[in-house]
There are 2 protein chains.
Amino acid sequence: MADVAKLAGVSISTVSYALSGARPISEATRGRVQWAVEQLDYQPNIMARGLAGRRTGFLTLLLPTDETPADSFMIDIIVAAAEAARERGYHLLLWTEPTGESAGVKDLMRRGLIDGALLLSVRLHDDRVSALRGAGVPLTMIGRTQDTDGSHFVDSDAEQAAEVAIAHLAELGHTTVAYVGPPRSAYDDGIGIVIRIHDSLVRSAERHGLRLIPAFAERKVAASARAISELMAAEPEISAVLTLDDSAIAGVLDGLRSIDHSVPSDVSIIGLLVSPEVAEMAWPKATTVSHDPRDLGRLGVLAMIDSLDGVSDRATQFLLPSELVERSTTAPRQAASR
Amino acid sequence: MADVAKLAGVSISTVSYALSGARPISEATRGRVQWAVEQLDYQPNIMARGLAGRRTGFLTLLLPTDETPADSFMIDIIVAAAEAARERGYHLLLWTEPTGESAGVKDLMRRGLIDGALLLSVRLHDDRVSALRGAGVPLTMIGRTQDTDGSHFVDSDAEQAAEVAIAHLAELGHTTVAYVGPPRSAYDDGIGIVIRIHDSLVRSAERHGLRLIPAFAERKVAASARAISELMAAEPEISAVLTLDDSAIAGVLDGLRSIDHSVPSDVSIIGLLVSPEVAEMAWPKATTVSHDPRDLGRLGVLAMIDSLDGVSDRATQFLLPSELVERSTTAPRQAASR
DNA sequence: TTGTAGGCGTTATCAT
DNA sequence: ATGATAACGCCTACAA
């Protein structure tokens, strides 16, 4: 930077201001500085900037890692977040920490490394949120807590997604619907999206006069396969199944095959909030009610940066609506015949 | 740090040395420093350390992003890399950049941000490697170039994987085997693993006296489905299929179903280098010849750090062997009967 | 074994 | 509108 100043014939601080635009600089000198910068192919040192300034340009994404390995949906979020950060001149740190813990992130903040943190797999009552808030870490959630007053978040609109899915099944004439959801532990942990989807499904089903039979299955193919076959044995009138996880959909297909129910002629399936890749990989290709997971990552980062910049006086809160994408696992209900 | 020094009754530099262990410190003072550190819950500032020292503690993972969205296999690599970095006290930056480009990473280096870079999707002749080398960026490849002299890498042992897969099919009595590989563009780009797997399969097939019929398919379910059905039409004696990508295996299953070939009784399938998650999601569950993708990420980071620390005088080069995991897509060849 | 002091490359606070 | 200069918090010769 000193070199640039010399070459441009100005002081070091002028160069700094010309580059940051933090104070008015005459056109003439700004031009000379620009020229010198290009001449020397100068790139400001990030560490020095972070040390001296009050912004480091780093964001971190807190990735819960004790859970199931990240599925496609989450991956899409992460990669999109990285891209968005890069586009806005920020750097995205991938920080793995067991669910519910945030000591590491707090340290990152105290060590002057990050400007803020993005949270994944947010619980309705999330200790991390209060801990990080208390530590003065700006944060935005991908997902959301129960009480969202004044907090920044981007989340899937569970209520709307549930309604779309249930309404579609109702239209198709289904009256008894199973829901193969995440394991009980996810409910016990109070994972926001899990609880909201469940509750919303219950409400929507009621509104449409459908009977909804929930089940819980570990996030493994075999577990959801077992869940659905047990469910079908107990409640043979089930003619449609809703699922939440990437693995659940494959498992349900598996389970139905094992008991000789064909999809979609005997049983319809709708996958909630699944990535398009996984939906396409299933056989038959799965009908879904979902949105682009990438939006969660992208908007999350943008919301974070906006809040850092203080562009808005109130918190940015996005609720992403889902769309029904009909593939090959849904059909009108058949007249009972078996 | 000044506070710690005061509390411990020593100089600032003593604290620094006590913490870094860069020079001998008496037990007594080291103890006092330790105590003061804990007392104040002191955490060294990362930016300052990066500015003053010659190490920043940052690594970056170069993620090609113009290609197909990252599949499970790659994700596992990434997450494992993040975990390994964290365990070793490093920070992992996710850097998205179009395949083949490295200007961004070079800048990261010049801006004093990173200690080194990890490369994914390495080509046999990769411009990034020479560019980064030229710019003095320490790098280790996850994958490898053709010429590996003096470079650090962790890669799947394609030769061995191909041999295991072919040998198994040979044992099962198959004599004509299709290979639904990646799209031609991947070959044209010279992606290392793609070429190596292909060439190794050819050699192994020859060695075992099998006929190998390769095909190229875009990384989409529909594309590989079409590829295999065309292949079967042209060469009806095919009784086994090898695949490379996560999506290919679903596609091949799809395609075979569409032409009424059942798996594995009519046709066997082996997926090469696929993540266990995807193998389990397929139906039937796919037999694979693979290794834990996480090893690639973990070992890659460790190799990088070792090279940074200069622990070894020669380059660390790992070739990971694969294992056959029999699931439900392989069976002995049936006597021709259709 | 320990202390002193200069420097890392910016930003921010004073002046001018 | 611009300059000089003190932080920023740590590392590392150099001295003692």
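Excluded from the calculations below are hydrogen atoms, water molecules and symmetry mates; all remaining heavy atoms, backbone and side chain alike, are included. Within every chain, numbering begins at 1; the chains are lettered A, B, ... in the order of the sequence lines, protein sequences first and strands thereafter.
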A:H291 and A:S156: side chain donor to acceptor below 3.5 Å: yes

Short side-chain donor-acceptor distance under 3.5 Å, B:E83 and A:T65: yes

Chain B footprint on DNA chain C, 5' to 3' - any atom under 4.0 Å from a heavy atom: C:dT1 to C:dG9

Distance-only donor-acceptor test (3.5 Å): side chain A:S11, base D:dA4: no

Under 3.5 Å, sequence neighbours excluded: what are the donor-acceptor pairs made by side chains of residues 103-111 of chain A?
residue : atom : partner : partner atom : Å
A:R110  : NH1  : B:D41   : OD2          : 2.8
A:R110  : NH2  : B:D41   : O            : 2.4
A:R111  : NE   : B:P44   : O            : 3.0

Atom pair CD1 (B:I191) and CG (B:L124), whose distance is rounded to the nearest 0.5 Å: 8.5 Å

Donor-acceptor side-chain pairing of B:T316 and B:D306 below 3.5 angstrom: no

Polar side-chain atom of B:D126 near backbone of B:R123 as donor-acceptor pair, under 3.5 Å: yes

Side-chain H-bond candidate by donor/acceptor type, B:S11 with B:T14, under 3.5 Å: yes

Non-neighbouring partners of B:F58 that pass ring-ring contact (aromatic ring centres under 6.0 Å, His included), sequence neighbours left out: A:F58, B:H91

Spacing of B:I12 atom CD1 relative to D:dC8 atom P, expressed in whole Å: 11 Å

Test item: side-chain donor near acceptor, A:S275 and A:D76, under 3.5 Å: no

Sub-4.0 Å heavy-atom contacts from residues 102-115 of chain A onto DNA chain D, ordered by number: none

A:M74 vs A:S121 side-chain heavy atoms within contact, under 4.5 Å: yes

Validation row: A:L92, B:L93 side chains within 4.5 angstrom (heavy atoms): no

Residues touching DNA chain D, which here means a heavy atom under 4.0 Å, drawn from residues 43-57 of chain A: A:L51, A:A52

Any side-chain donor near an acceptor of the partner, B:Q317 and B:H152, under 3.5 Å: no

Residues touching DNA chain D, which here means a heavy atom under 4.0 Å, drawn from residues 16-33 of chain A: A:R23, A:P24, A:I25, A:S26, A:T29

Exercise: identify the closest heavy-atom pair between A:L62 and A:E97: CD2-CB, 4.2 Å

